Every structure is written in C-alpha cells, then in structure tokens.
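Reading through the structure tokens given below for one structure.
Residue numbers run from 1 in the order of the sequence given. Every value quoted in this text rests on a predicted model; they were computed, and no experiment measured them. When reading the values below, keep in mind they use all heavy atoms of this one structure, side chains included, and skip hydrogens, waters and symmetry mates.
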Amino acid sequence: MNSTFWTNTIWFLLLFITSIFTNILILHKTKKVKFTITFLFSIIGFSFLLEAILVLGLHAYSYYPKLFRDSYLDIIFGNYFSQISVSSTALFLAVYDLSYIWYCIFSLIYFILDILFVKLGIYEHFWYKSIYTIFGFIIFSLIIRKWYKLIKYSNKGLVHYFSLYFSVASVSTFTIFLSQRLLGIQLLQSKLFFTDMNKNNTSSGFVYQFIIINFFIFLYKAKLNRLIKTLALSCLFFAQYLVYKAGYIYIHNGLFFLVTSIDLFGCYFWVALFDKLLSKQTTT
C-alpha cells in the first residue's frame, strides 16, 4: 500500500465514512427515502459548482488526497469528499430541523477540520482563510434549509427545476463524464476559458452539461410525440458529431457512437428518473 495512504488518503476516507453515517441518520428520519437521496444529489451538484468556482476559478485552495498521480483528478476527488461531507451535514440539519445553534456548532467543527487538514498538509490555502469556513458553512446550510422546505411543497417552478438540474449534473458528472475521463476515452478541449487544459476541461464541462441537461429537461417535459423527440435527439447527436470533428471534444478513435450514446441517453435517463422522484415528494 502506498505510504501516502496513511498520510493523506486515510483522512479523506474517514471524512467520507462520517458522511455515510450522517446519511444513515438522514434516511432513518425521513419517510421519503428516494426523494431525499435525489435532493442530496441536488445539494452536491450545487456545492460542486460553488467549489469549482473557488478552487479552479478563484484558486482559493487545493486538496491532496493522493489517490491519483494526475494532480487534477486528485483535486477533483478531494473536492468530492469535501462536498459530500458538507452537503450531507447541511441536509442533516434541514431534515432534523435543528435549531440555529447547531449550525454554529457544525461550522466550528468544519473550522477545526479545516485547520487540521492544513496542518496535515493534505489541504492547502492560497488566499483562503480557515475563518471563512465558519461563515461559508452557515450561509450554505441556511440556503439548503430554505431550499429543502420549498422543494417539499413544490413539484414545479424554479425550485423544482434547480433541484432537477443540479441532481442530474452531480450524478452525470461522476457516472458519465468523470468516468470517461478516468478511462481516457473523452476529454473536452475547447480552450474557450483557460489556457490550462484541466481548468478548461472543467469549465467547458459545466457549459456542456448546462446545454445538454436543459435540452433534455425541455425534451422530457415537452408534450411532443415520439417521432419529434427522436428527431430532436438525432439533431443533438449530429451537433455533437460536428463539435467532435471540429476538435472541441476528444473521443478515442472508433468510440464516438458509444461515448456519445452514453452521454446523451445517460443524461436523459437521469432527467427522467429524478424528475419523477422529485415530483412524488410529500411532507415528511
């Protein structure tokens, strides 16, 4: 076993284990397990967007779980461990409807963890300060509290849309786009935002996801016959082929049809599934 497992990786795994325990408590409390899991994905998707802005856009801090030799993938997975933990805790506070003093208590816990991780050398600040964690966690958790109360009573409108969008974005990122990056069969390389390949891949990924997911949300909810929907999907398939031929997306030779099918049908599947799960919620 690599020596960095005991110096770096183990701490992120312990953080993940506490997240699992937190989610067991959440699912024990709620009567709508599938809805709650879907909403957790929404929170993770939202938090990942915020984290990407801080880590890649504003270069606030960086993670070093030492899971991969590729430093970019290492930061991304360190980000996932962190955001799953924060998202799970925020949902825990909302589901149990805890008093505001608990928001302060958990913010102090994350403040201490922030300092500890920096001391251990598995997490590095650039301009970011540990004290920001206290205020950031409280604000984030209060947003989730309000969001949770709204989505429990609404299966339409902007609240439902944002919940659906971020849930699909979080799951599709991990199950489709990131897995393809790990396998080396697809990479976004538009060079529209950054000169750095990794930052550009992530920022382009957000734009790509925004277009694809919103297209499928519209297509799924639109009252169109199957022929029209099939034609719309075919047009999207062709558009991706043009983007691929223009060099904005790298796909391993001979795998365009397979990779694009996974991208498009995978996203459509998550949109259809999560829309149903979010639409069936009732008060807990």
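More than 12 heavy atoms of other shown residues, nucleotides or ligands fall within 6.0 angstrom of atom CZ in F256. Annotation: H125, atom NE2; neighbour count of heavy atoms from other residues, nucleotides and ligands within 6.0 Å is above 12. Heavy atoms from other residues, nucleotides or ligands lying under 6.0 Å from OH of Y250 number more than 12.
Of the possible polar contacts, none joining the S107 side chain to the F137 backbone as a donor-acceptor pair under 3.5 Å is found. Looking only at distances, a side-chain donor or acceptor of W127 sits under 3.5 Å from a matching main-chain atom of L58. Counting only distance, with no hydrogens or angles, the side chain of T30 and the backbone of I26 share no donor-acceptor pair below 3.5 Å. Remark: side-chain polar atoms of N225 are paired, donor with acceptor, to backbone N or O of I228 under 3.5 angstrom. Of the possible polar contacts, none joining the Q83 side chain to the F48 backbone as a donor-acceptor pair under 3.5 Å is found.
When the side-chain hydrogen bond (donor to acceptor under 3.5 Å, both in side chains) test is applied to S85, the partners found at least two apart in sequence or on another chain are Y110. Residues satisfying the side chain to side chain contact (heavy atoms under 4.5 Å, CB included) criterion with F215, sequence neighbours excluded, are L219, A232, L236. Looking at residues two or more places apart in sequence or on another chain, you find a side chain to side chain contact (heavy atoms under 4.5 Å, CB included) between S99 and I101, W102.
When side chains are defined from C-beta on, I213 counts as touching S172, because their heavy atoms get closer than 4.5 Å.
Looking at Y153, F140, F39, F162 one by one, the single match for ring-ring contact (aromatic ring centres under 6.0 Å, His included) with W147 turns out to be F39.
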Does the pair R145 and D97 meet the rule for a salt bridge (charged side-chain N to carboxylate O under 4.0 Å, His left out), with working shown?
CA-CA 8 Å; R145 180 190 182 99; D97 197 21; 2.9 Å; yes
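Ring pair F117/F12: centre-to-centre distance below 6.0 Å.
The two residues Y165 and N214 come nearest to each other via the heavy atoms CE1-ND2, 3.7 Å.
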